[in-house]
Amino acid sequence: MAAKAPIPVYTQLNDLYNNLGTTVDHATRWNNLAEEFEKRFGRKPAYIARAPGRVNLIGEHIDYCLFGVLPAAVERDILIAIAPRAHDVPGHTVADNLLPKYTRAAFAPSHNHNEPSDSAVRAEPWHLEINPAELRWESYVKAGYYGVLNQYFTPGSPVPVDLLVTGSVPAGSGLSSSAAMVVASTLAFLAVNGKLEPNLTNVGSKINKGELVQLAVRNETRVGVNSGGMDQAASVMCDASSALYISFFPTLSATPVALPHGAVFVCANSLVVSDKAASAKFQYNLRVVETLAAARALALRLGVMVGPKEAITLREVLGRHVGEKEGEEISVEKLEEALVKLSQEVEGLRPATSADGQLGVKLDEMIALTGLDTATFDELYFSRFQVEATYFQLYKRAKHVYDEALRVLQFRKICIGGGSLEQLGDLMNASQKSCAEVYECSCPELDQLTTLAREAGAIGSRLTGAGWGGCTVSLVPEAQVESFIAKVRDSYGPYKGLEGDKLSEVIFATKPSSGACVYKFERRNVERSNQLCSRQGCMP
Ligand code: NG1
């Protein structure tokens, strides 16, 4: 089971590179990073931590409702080289980035000395200043560090470190650069502090993949996003042979899903940057609240039992409504049936349209629909993350979630059972329509790019990730990938005239890649690696 597997800690470069995939020149990137680290900090790194981005094939905005999703890791990734530094205050960090626009940052965690009444903060002994309203590149590094400090250093003190970051996942593109940064940072700080000790065979670690995912999800909330777990799970648990069906209920689990022969998934960046953290109040975090309020309202309508202070999710409402036993999971067939049923039940949340065609409800109406008093509602849904809207769309959000969750199961069944590529494409197109019209997380450029992709030969095309900008993913027959890319280049305005590397930066075929890992620079390996290096031109 992937969640229980150890995090790979490599000490052999051959093993590492063999595992990463072939469409990117990994050796050159890792080598450059190690050399640049040595130039800047005067010694070799002790570790390099790697976390890949991911492309979500189907299942958008349903992970935080605890429904399964189907992503695959991509070869584009974040790498962090790190080494301890002597003679400095505990935990002091100097963070550099290979991209010159991201300037050097230095920070140190401090002990929390709060008033005894401040119980929420008192629970966390370490503090690092991260301002979600003014995020900088190193905020994501700090976010990864946060959980490591508070989970592993009570008591104890972290070592002071130097670190250097490089990344090939475009920011704000829906390929999950933020989660890749946070996972890589979490791993780097675990490794440098000796919390990832390899076991006797040198291939394992103390913390397993599932635990790393949970830690990274909690860390991501430090940058102000009420994140679901898909990106961190994909970044940590994917393997190079397949996509991954990740389910979050009743606990995190992941099973590989082989993709059908002849199917290539092409990512295309709309070049609209979606700053998820900055817009969270009106977009991502608002959607999370809308789905939670919809779940509570639906539970009330259906007579489903909910604890007075329970933030029940749409998945839990479904389970309780169809008599699922606590801690167990109904079969996939039953889940499919239940999703069809719940998609109909959601109609009960549909308000009579108002004069301006609104299907949403005002704040006081939303609170009334949940049966809660205002104070309890505020405490349950508004206390950690602020959101803002005139109309809250409970009906539309719940409708998308149940229908999209059903599409994921159908997509998975086709991959396993050998249906046609056309059926997969139809599901992707239906997902895009629902994201655009019902969940309202698309944008004109994504709508245009998916339409152009279909005209250029894609069997299906949809946005991937949170949306509001970022990338699309298109299912393209293998033999047509080149002509597909050329046609999209010629038809999508922002791509006109792009060639070579510039073109492959924005539109590229993906192959599933392996998940997060660490390379450990061991003294006894340095000589062997040097020999390898002189033969193959790679690090250290
Ligand atoms: P992106 O924006 O692509 O990283 C976000 C969330 C996912 C999921 C998708 C929508 C984070 C880190 N990621 O993905 O968990 O909810 O949106 O399906 O918040």
Side-chain angles (χ1 to χ4, degrees), residues 51-74 76 78 132 135 139-140 143-144 167 169-186 213-237 244 246-248 252 267 269-270 272-281 283-292 313-315 385 397 400-401 404-405 407-408 428 431-432 434-436 438-443 446 462-473:
R54 61 98 191 94
V55 55
N56 190 22
L57 304 181
I58 195 154
E60 229 56 86
H61 288 279
I62 61 172
D63 57 345
Y64 47 81
C65 306
L66 304 188
F67 283 109
V69 292
L70 232 164
V74 295
R76 290 164 182 248
I78 303 287
L135 291 174
S139 307
Y140 296 85
V169 194
S173 69
L175 298 182
S176 198
S177 57
S178 68
M181 269 293 272
V182 173
V183 170
S185 163
T186 308
V213 172
Q214 309 290 4
L215 182 57
V217 172
R218 285 199 301 280
N219 283 343
E220 183 101 18
T221 61
R222 301 284 168 190
V223 288
V225 180
N226 197 358
S227 170
M230 162 166 68
D231 302 349
Q232 299 81 358
S235 184
V236 173
M237 298 203 282
L244 208 61
I246 302 173
S247 113
F248 305 92
L252 176 71
C267 289
N269 193 336
S270 67
V272 174
V273 176
S274 155
D275 188 339
K276 191 155 47 49
S279 59
K281 215 174 172 182
Q283 295 181 336
Y284 193 88
N285 289 351
L286 172 61
R287 294 293 181 276
V288 177
V289 167
E290 285 173 323
T291 63
L292 288 169
T313 60
L314 286 165
R315 173 63 183 82
F385 299 93
R397 307 312 179 225
H400 166 83
V401 168
E404 183 79 351
R407 283 189 282 271
V408 172
M428 292 174 74
S431 168
Q432 171 61 24
S434 182
C435 283
V438 188
Y439 215 70
E440 297 169 295
C441 61
S442 189
C443 66
L446 286 170
R462 55 182 296 279
L463 64 84
T464 183
W468 295 291
C471 281
T472 60
V473 57

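Just follow the structure's listing: the first ligand is 1, and inside any ligand the first atom is 1. It should be emphasised that the depicted structure is a prediction, and the values quoted were computed from it without experimental measurement.
- Annotation: atom 3 (O) of ligand 1 to nearest protein heavy atom, R54 NH2, 2.8 Å.
- For the pair R397 and L314, the minimum side-chain heavy-atom distance is 4.5 Å or more.
- Between Y64 and ligand 1, no pair of N/O atoms sits closer than 3.5 Å.
- Looking from atom 9 (C) of ligand 1 to the surrounding protein, the closest heavy atom is M230 CE, 3.8 Å.
- Between atom CD of residue E60 and atom OG of residue S434 there is a gap of 11.0 Å, rounded to the nearest 0.5 Å.
- For ligand 1, the polar-atom distance check against H61 finds a nitrogen or oxygen pair separated by under 3.5 Å.
- Short contacts between ligand 1 and G174, defined as distances under 4.0 Å to a heavy atom of the residue, involve ligand atoms 3 (O).
- Every atom of ligand 1 is numbered from 1 in the order shown, and the set under 4.0 Å from a heavy atom of V225 is 19 (O).
- Between Q232 and ligand 1, no N or O atom pair is found at a separation short of 3.5 Å.
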Yes or no on side-chain hydrogen bond (donor to acceptor under 3.5 Å, both in side chains) for S178 and E220, after CA distance, side-chain angles and deciding distance? CA-CA 8 Å; S178 68; E220 183 101 18; 2.9 Å; yes

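- No side-chain heavy atom of Y439 sits less than 4.5 Å from a side-chain heavy atom of I62.
- Between Y284 and Y64, the ring center distance clears the sub-6.0 Å criterion.
- The two residues R54 and T464 have their closest heavy-atom pair at NH1-OG1, 4.4 Å.
- Interface atoms of ligand 1 facing G228, defined by a heavy-atom separation under 4.0 Å, are 15 (O).
- Looking only at atom types and distance, the side chain of S431 has a donor-acceptor partner in the side chain of R462 under 3.5 Å away.
- Atom 13 (N) of ligand 1 has D231 OD2, 2.6 Å as its closest protein atom, hydrogens excluded (heavy atom only).
- At a 4.0 Å heavy-atom cut-off, ligand 1 does not touch R287 at all.
- For ligand 1 and E60, the ligand atoms under 4.0 Å from any heavy atom of the residue are 10 (C), 18 (O).
- Classification of the H61-W468 ring pair by plane angle, with boundaries at 30° and 60°, yields perpendicular.
- The ligand atoms of ligand 1 that sit less than 4.0 angstrom from a heavy atom of S176 are 4 (O).
- In this structure, the side chains of V272 and L446 stay at 4.5 Å or more apart for every pair of heavy atoms.
- Residue Y284 has at least one nitrogen or oxygen atom sitting less than 3.5 Å from a nitrogen or oxygen atom of ligand 1, judged on distance alone.
- The ligand atoms of ligand 1 that sit less than 4.0 angstrom from a heavy atom of S227 are 11 (C), 12 (C), 19 (O).
- With rounding to the nearest 0.5 angstrom, the CG atom of D275 is 9.5 Å from the CD atom of Q283.
- Between D63 and ligand 1, a contact under 3.5 Å exists for at least one N or O pair.
- With respect to atom 2 (O) of ligand 1, the closest heavy atom belonging to the protein is K276 CE, 2.7 Å.
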